[in-house]
Amino acid sequence: MHIIAVGGSDAGISAALRAREVDPGAEVTVVVADAYPNFSICGIPYHVSGEVPRWRDLAHRTIGDLEAAGMTLRLDTTARRIDAVDRKLLVTGRGDEELVSYDQLVIGTGAVPVRPPIAGLDTLGTADGVHLLHSMGDTFAVMRTLEETAPDRAVIVGAGYIGLEMAEALTTRGLDVTLAEQLPEVLPTVDPQLGALVRAQLESRGVTVRPGTTVRQVSRAEAGAPARLRVDAAGSGEQPVTLYAGLVLVVTGVRPETSLAVSAGAALGARGAIRVDAAMRTGLPGVYAAGDCAVTRHRLLGETWLPLGTTAHKQGRVAGENAAGGRREFAGSLGTQVVKVFDHAAARTGLRDHEATAAGYEPVTVGWEADDHKAYYPGSHRVAMRFTGDRRTGLLLGVQLFGHKHAEIAKRIDIAAAAIYSGLTVDEVSDLDLSYTPPLGSPWDAVQAGAQAWTAHAGHA
């Protein structure tokens with residue numbers, strides 16, 4: 001049995017590892033377009049900030065670790081075409097073409113950055129200080145700009161997760177950072193009430209935040225300007241905005257990379273991602289897809305697309321097990337996410353109000369605050385929460401949190417995710433048997449206090 005995984009990131013490596021666990025006798029090959037398999041793209045901002053000084057430390061596993069697990073790595077090799085009938089994969093590496101036979105194939109080609117319609121992005125590049133950020137190659141280019149030109153100011157276009165993390169990273173390096181976001185508030189994956197708290201945290205650390213700002217053009221600055229790049233934008237009411245920077249970073253999202261699958265005849269689903277069933281099968285014989293290139297089954301929404309590392313790992317594991325002869329299904333995602341913003345964190349899981357409405361629920365969202373542990377013990381922090389439940393059934397649909405990083409925001413959102421996964425009502429969250437000691441919590445955990453506030457408001461006691 002020869003199994004090929006295309007893609008050396010979360011989904012491809014997870015598939016390869018699981019395939020070898022299920023069938024230790026299988027020949028497993030991973031085709032990697034660059035020389036950096038199994039690197040943590042999520043960790044890039046912390047290398048840029050200097051908190052992770054060695055870029056090699058971003059590797060989840062070394063090349064030696066992966067090879068010791070029994071897989072063959074074909075680095076700097078690009079998959080060009082799939083012959084699904086004869087089960088052959090055309091690859092090119094260092095200029096040579098080769099047809100490689102396979103029995104089962106897992107496509108884990110991931111996602112690629114979106115290039116927004118900003119004039120100048122096609123003519124200016126990394127040598128000019130204009131960057132996208134999605135790979136180790138992109139990371140090295142950003143570091144060259146920082147180390148060789150020593151810019152003192154940066155403009156980041158896009159205030160999603162990567163934009164926020166990079167605003168912190170560049171501020172930590174001593175740059176003056178301006179964060180431009182087209183939508184009315186930063187971190188648009190949470191409600192504006194929590195987005196405003198995130199923005200306040202950014203501004204308290206010296207980041208200039210410009211929500212409601214659409215960047216129109218990036219160009220070389222005029223002589224005598226304070227930096228080498230000029231950014232022209234439109235603020236609220238189309239008010240002209242001009243910014244200057246030595247580094248411009250465009251991080252406005254990603255799209256699924258599906259060209260290899262599409263050329264082989266695979267069907268596309270939500271948001272143009274590869275359509276797969278619960279076993280991660282594409283419909284092409286012996287071909288699976290997983291990770292950011294594939295659709296995601298959401299436990300409350302059905303088919304959607306959620307490009308998350310956690311989801312990619314799980315889908316890759318399912319695809320690898322099935323490619324090796326197993327029978328496993330992807331259980332579904334809730335879009336559980338967390339982001340650190342300086343010494344605070346924001347998190348969400350499940351559905352927000354408008355998403356729940358579109359899915360046919362009758363949502364009620366209630367905001368609340370509670371202490372992370374008993375206030376009489378030193379060092380307590382307030383946790384801001386937003387609970388969304390269904391008015392008719394009381395079903396817990398979604399939770400959003402914001403608070404200090406020491407308030408265990410990530411683990412508290414995981415409590416909510418486990419509750420939604422299990423189909424609990426909001427009221428049933430109070431029945432969870434959670435730990436308590438005054439320095440670490442309260443008899444009613446903050447998440448349970450938020451659930452009780454929702455129950456009182458919505459009348460589902």
Side-chain angles (χ1 to χ4, degrees), residues 5-12 14-15 31 33-34 41-42 78-84 89-90 105-118 121-122 132-135 138 157-158 160-163 182-183 188-189 214 250-316 318-319 329-330 332-337 348 351-352 354-355 358-359:
V6 178
S9 194
D10 299 338
S14 290
V31 176
D34 59 20
I41 302 305
C42 299
T78 302
R80 298 292 185 187
R81 187 175 67 250
I82 299 168
D83 181 345
L89 178 69
L90 178 67
L105 179 71
V106 179
I107 301 172
T109 45
V112 293
V114 169
R115 283 182 170 267
I118 297 174
L121 288 189
D122 292 335
L132 304 176
L133 187 62
H134 193 65
S135 68
D138 297 337
V157 184
Y161 288 86
I162 298 297
Q182 186 173 16
L183 294 173
T189 54
T214 302
V250 180
V251 282
T252 55
V254 294
R255 60 175 177 81
E257 174 50 84
T258 61
S259 55
L260 180 68
V262 168
S263 66
L268 300 182
R271 301 282 296 277
I274 303 166
R275 174 161 285 146
V276 293
D277 63 12
M280 310 313 297
R281 294 177 296 222
T282 65
L284 299 175
V287 179
Y288 301 80
D292 292 355
C293 64
V295 299
T296 308
R297 185 178 80 81
H298 193 289
R299 292 181 67 86
L300 299 177
L301 293 175
E303 182 182 297
T304 185
W305 182 61
L306 286 169
L308 297 172
T310 49
T311 301
H313 279 285
K314 294 179 180 72
Q315 289 185 331
V318 170
E329 293 189 346
F330 174 58
S333 170
L334 291 169
T336 308
Q337 305 167 55
R348 65 161 288 181
L351 306 182
R352 294 165 61 197
H354 68 283
E355 296 163 337

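Numbers for residues simply follow the sequence, beginning at 1.
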So, do H134 and V112 sit near enough that their side-chain heavy atoms are less than 4.5 Å apart?
-> no

Taking side chain as C-beta onward, heavy atoms only, is L308 less than 4.5 Å from Q337?
-> yes

So, do V6 and I82 sit near enough that their side-chain heavy atoms are less than 4.5 Å apart?
-> no

Are H313 and S14 close enough that a side-chain donor and a side-chain acceptor fall under 3.5 Å?
-> yes

In short, A290 meets A11 closest at the heavy-atom pair O-CB, 3.5 Å

Please report the shortest heavy-atom distance between Y288 and A319, naming the atom on each side.
-> CB-CB, 4.0 Å

Using modelled atom types only, decide if a donor and an acceptor are shared between the side chain of S135 and the backbone of D138 within a distance under 3.5 Å.
-> yes

Under the side chain to side chain contact (heavy atoms under 4.5 Å, CB included) criterion, do T336 and T310 qualify, and how do the steps go?
-> CA-CA 9 Å; T336 308; T310 49; over 6 Å; no

Does any non-hydrogen side-chain atom of L268 lie less than 4.5 Å from one of V262?
-> yes

Under a 4.5 Å cut-off applied to non-hydrogen side-chain atoms, are V295 and W305 in contact?
-> no

For D10 and G309, the nearest pair of non-hydrogen atoms, with its separation, is OD2-CA, 3.4 Å

Quick one: does T109's side chain have a donor or acceptor within less than 3.5 Å of a partner on T258's backbone?
-> no

Check: H298 main-chain N/O paired with T296 side-chain donor or acceptor under 3.5 Å = no

Straight-line distance of E329 CD to R281 CZ, nearest 0.5 Å = 7.5 Å

Are the side chains of V250 and L121 in touch, meaning some heavy atoms are under 4.5 Å apart?
-> yes

Do L90 and D83 come within less than 4.5 Å of each other through their side chains, counting heavy atoms only?
-> no

Approximate separation, where rounding is to 0.5 Å, of L300 CG and L334 CG = 5.5 Å

D292 and V254: side chain to side chain contact (heavy atoms under 4.5 Å, CB included), yes or no, with the steps?
-> CA-CA 9 Å; D292 292 355; V254 294; 5.6 Å; no

What's the spacing between T252 OG1 and Q182 CD if we round to 0.5 Å?
-> 9.0 Å

Heavy-atom closest pair, residues Q315 and A294 | OE1-CB, 4.4 Å

Of all the heavy-atom pairs spanning S333 and T311, show the shortest one and how long it is.
-> OG-OG1, 3.6 Å

In Å, rounded to the nearest 0.5 Å, how long is the span from CZ of R81 to OG of S259?
-> 13.0 Å

Is the closest basic N to carboxylate O distance between R348 and E355 below 4.0 Å?
-> yes

Distance col, row R80:CZ vs L89:CG, nearest 0.5 angstrom, shows 11.0 Å

Report the distance from atom CZ of R271 to atom CG of L306, rounding to the nearest 0.5 Å.
-> 8.5 Å

Side chain to side chain contact (heavy atoms under 4.5 Å, CB included) between Y161 and T189: does it pass, once the steps are laid out?
-> CA-CA 9 Å; Y161 288 86; T189 54; 3.2 Å; yes

Taking all non-hydrogen atoms of both residues, which atom of A84 and which atom of L284 are closest, and how far apart?
-> CB-CB, 4.4 Å

Any donor-acceptor pair under 3.5 Å linking the side chain of E303 with the backbone of A270?
-> yes

Taking C-beta and beyond as the side chain, do V251 and L132 meet within less than 4.5 Å on heavy atoms?
-> no

